Amino acid sequence: MAAKFKKITPPKDGIPITIAGNKLKVPNNPIIPVIEGDGIGRDIMKATRRVIDAAVEKSYSGKKKIAWCDIYAGEAAMPVYGEVLPAETIKAIKEYLVALKGPLTTPIGGGFRSLNVTLRQVMDLYACVRPVRYFPGVPAPVTHPEKMNVIIFRENTEDVYAGIEWRKGTKEAKQLIKYIKDEFGIKIRTDSGIGIKPISVTGTQRLVRKAITYAITHNRPSVTIVHKGNIMKYTEGAFRDWGYELAKKEFGDKTITEDELWSKHNGKAPKGKVIIKDRIADSMLQQILTRTDEYDVIATPNLNGDYLSDACAAQVGGLGMAPGANMGDFIGLFEATHGTAPKYADKDMVNPGSLILSAVMMLEYLGWKEAAIMVEKAIEKTIINKTVTYDLERQMQGATKVSTSEYGSWIIKNMI
């Protein structure tokens with residue numbers, strides 16, 4: 001029986017996505033909750049919905065259609081609920097499993113360190129998935145941006161992002177400093193803030209499992225575990241070790257290690273085998289520049305993934321072209337990776353690319369690949385034709401500057 005809501009009105013022409021046989025069962029008219037977002041979210045979400053609706057209509061001749069369901073978080077939730085993250089919003093995402101979200105700002109005094117982090121934690125969306133690829137024509141700071149084509153799986157619930165920390169001078173910080181000195185003989189300066197960095201077998205292995213599964217199902221040749229295990233041996237070093245253990249135990253017939261690749265196969269991977277390798281985080285930040293095309297799927301703890309995903313995006317045009325999703329076992333929350341840019345709010349001028357491409361990820365997750373491919377190709381054509389928003393136009397010789405809504409219209413016109 002469908003969930004009942006007080007201030008959310010599910011569309012009558014939609015059917016909820018369900019889980020059957022450990023997979024999503026997607027109807028032709030799925031109910032998809034949508035959070036418009038704060039600041040520029042209002043502009044980019046309008047453009048995104050138009051583009052996605054057009055692609056679905058053109059791809060399936062009206063046989064499929066998304067039944068959008070508006071839900072509320074951030075500034076838009078305050079007049080409706082009197083709070084920035086109402087329980088009904090979380091309930092709706094859990095009920096309907098797949099949702100699209102614009103950027104959110106956490107208001108000062110809003111009660112949350114970050115609305116985005118809170119959404120991930122309360123729904124256990126443990127994998128931040130960030131594809132980074134190049135679209136021809138996008139201005140880029142590197143010589144060969146086309147070599148970048150990676151999918152980053154960033155652990156989303158642990159590491160320093162768990163938020164377990166105490167300010168300098170607080171009772172808790174003093175107690176912990178004293179305890180560590182008394183029990184373990186380790187001296188920490190008394191004027192220190194204290195944070196705890198948890199990394200678990202559970203958190204590590206479910207993230208690596210998702211990354212390897214993706215590599216297998218999408219015919220990607222390798223999964224690279226990125227860590228700082230040479231220094232943090234029992235957290236990030238353990239992340240590496242537990243990742244290898246999971247690969248061998250659960251995917252032993254479909255994976256080989258990089259060591260085995262050279263010791264047994266002379267550097268040539270057997271057909272159908274995914275190579276599991278690892279890199280130290282600081283080395284990886286260099287190699288993603290100098291040996292870009294050697295990497296495919298990347299699995300990393302939270303903080304490393306934050307650095308790496310932005311560094312990769314910078315090589316192909318920046319966060320405006322970088323989609324993302326936060327995913328659990330079944331729930332997928334697809335979102336723009338940039339902020340709310342309030343000074344541009346309601347000016348119909350910013351690039352909606354990140355959110356549109358996040359919605360493309362959503363279409364792929366639904367199994368609607370034809371519509372996803374149509375949008376990507378239309379974006380490519382629009383950029384090559386140099387009809388782009390101001391952020392790209394100012395870097396492209398001979399380009400025509402268009403508004404957010406016009407950019408969406410051009411993408412629709414370029415759909416084939």
Side-chain angles (χ1 to χ4, degrees), residues 22-23 126-133 144 146-156 158-159 199-302 304-305 307-309 311-312 325 327 329 364-365:
N22 214 33
K23 293 182 179 181
Y126 57 82
C128 177
V129 184
R130 295 274 297 271
V132 186
R133 54 155 289 197
H144 291 290
E146 73 280 356
K147 291 184 177 182
M148 176 67 70
N149 190 355
V150 299
I151 311 288
I152 299 171
F153 284 76
R154 167 189 168 194
E155 204 289 320
N156 228 359
E158 299 187 322
D159 202 350
I199 289 184
S200 68
V201 177
T202 300
T204 298
Q205 293 197 338
R206 65 183 182 176
L207 185 278
V208 174
R209 180 183 296 114
K210 211 169 192 66
I212 294 175
T213 299
Y214 182 94
I216 292 170
T217 57
H218 289 77
N219 297 313
R220 303 293 289 236
S222 70
V223 174
T224 304
I225 301 169
V226 178
H227 61 93
K228 191 62 180 169
N230 58 329
I231 303 300
M232 292 170 275
K233 299 181 185 300
Y234 307 119
T235 51
E236 300 214 7
F239 181 92
R240 169 194 181 274
D241 295 343
W242 294 330
Y244 275 116
E245 289 171 9
L246 183 280
K248 183 176 181 180
K249 181 179 179 181
E250 296 188 13
F251 302 96
D253 60 332
K254 296 179 180 179
T255 64
I256 60 170
T257 66
E258 190 172 33
D259 287 343
E260 292 170 335
L261 175 70
W262 291 101
S263 63
K264 298 180 180 180
H265 304 284
N266 198 31
K268 186 174 182 180
K271 187 176 180 180
K273 295 280 190 178
V274 174
I275 304 164
I276 308 298
K277 52 190 177 181
D278 73 276
R279 297 290 183 270
I280 301 295
D282 48 322
S283 173
M284 185 64 177
L285 285 168
Q286 174 178 274
Q287 292 205 16
I288 205 66
L289 270 169
T290 60
R291 306 174 76 165
T292 309
D293 53 1
E294 293 183 15
Y295 298 98
D296 300 286
V297 177
I298 296 169
T300 172
N302 211 331
N304 294 336
Y307 295 151
L308 190 60
S309 55
C312 289
M327 307 180 76
D329 288 336
E364 292 173 345
Y365 193 57

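From a predicted model like this one, the values you see are computed outputs, not experimental measurements. Side chains included, hydrogens not; waters and symmetry mates left out as well; all remaining heavy atoms used.
- The structure places CD of Glu294 at 9.5 Å from NZ of Lys147, a figure rounded to the nearest 0.5 Å.
- Side-chain atoms of Val223 and Thr255, non-hydrogen and from C-beta on, never get closer than 4.5 Å to each other.
- Here the side chains of Leu285 and Leu308 are in contact, with some heavy-atom distance below 4.5 Å.
- Once rounded to the nearest 0.5 Å, the distance linking OG of Ser222 with CD1 of Ile212 reads 11.0 Å.
- Of the listed residues (Glu155, Gln205, Glu158), just one forms a side-chain hydrogen bond (donor to acceptor under 3.5 Å, both in side chains) with Ser200, and that residue is Glu158.
- Residues Val129 and Tyr214 have side chains not in contact (no heavy-atom distance under 4.5 Å, counting atoms from C-beta outward).
- One finds the CD1 atom of Ile225 at 12.0 Å from the CD1 atom of Ile298 (value rounded to the nearest 0.5 Å).
- When all heavy atoms are compared, the tightest approach of Ile152 to Ser309 is CD1-CA, 3.5 Å.
- In this structure, Arg279 and Gln286 have side chains that are not in contact, with every pair of non-hydrogen atoms separated by 4.5 Å or more.
- Looking only at side-chain heavy atoms (C-beta outward), Thr292 and His144 stay at 4.5 Å or farther from each other.
- Among Val274, Ile275, Asn149, the single residue meeting the side chain to side chain contact (heavy atoms under 4.5 Å, CB included) criterion with Arg220 is Asn149.
- Closest of all the heavy-atom pairs between Val297 and Ala211 is CG1-O, 3.7 Å.
- Residues Phe251 and Leu246 have side chains in contact (heavy-atom distance under 4.5 Å, counting atoms from C-beta outward).
- Going from atom CE of Met232 over to atom CD1 of Ile199 covers 7.5 Å, rounded to the nearest 0.5 Å.
- When all heavy atoms of Val208 and Ala299 are compared, the pair lying nearest together is CG2-CB, 4.4 Å.
- Within 6.0 Å of OH on Tyr244 lie more than 12 heavy atoms contributed by other residues, nucleotides or ligands.
- When all heavy atoms are compared, the tightest approach of Ala127 to Leu207 is CB-CD2, 3.8 Å.
- Test Gln287, Met284, Arg154 against Val226 for side chain to side chain contact (heavy atoms under 4.5 Å, CB included) and you get one pass: Met284.
- Residue Asp296 comes nearest to Pro221 through the heavy atom pair OD2-CG, 3.1 Å, listed as atom of the first residue, atom of the second, then distance.
- Here the CZ-CZ distance, from Arg209 to Arg206, works out to 9.5 Å after rounding to the nearest 0.5 Å.
- Annotation: side chain of Thr257 is not in contact with side chain of Lys277 (no heavy-atom distance under 4.5 Å).
- Remark: Leu261 CG to Lys273 NZ distance equals 12.0 Å, nearest 0.5 Å.
- Each of Asp278, Thr204, Asn230 was evaluated against Arg240; a single residue qualifies, Asp278, per the side-chain hydrogen bond (donor to acceptor under 3.5 Å, both in side chains) test.
- Taking the side chain as every heavy atom from C-beta outward, Met148 and Ile288 approach each other to under 4.5 Å.
- For the pair Lys228 and Phe239, the cation does not sit on the ring face, since its NZ or CZ is not both under 6.0 Å from the ring centre and inside 45° of the axis.
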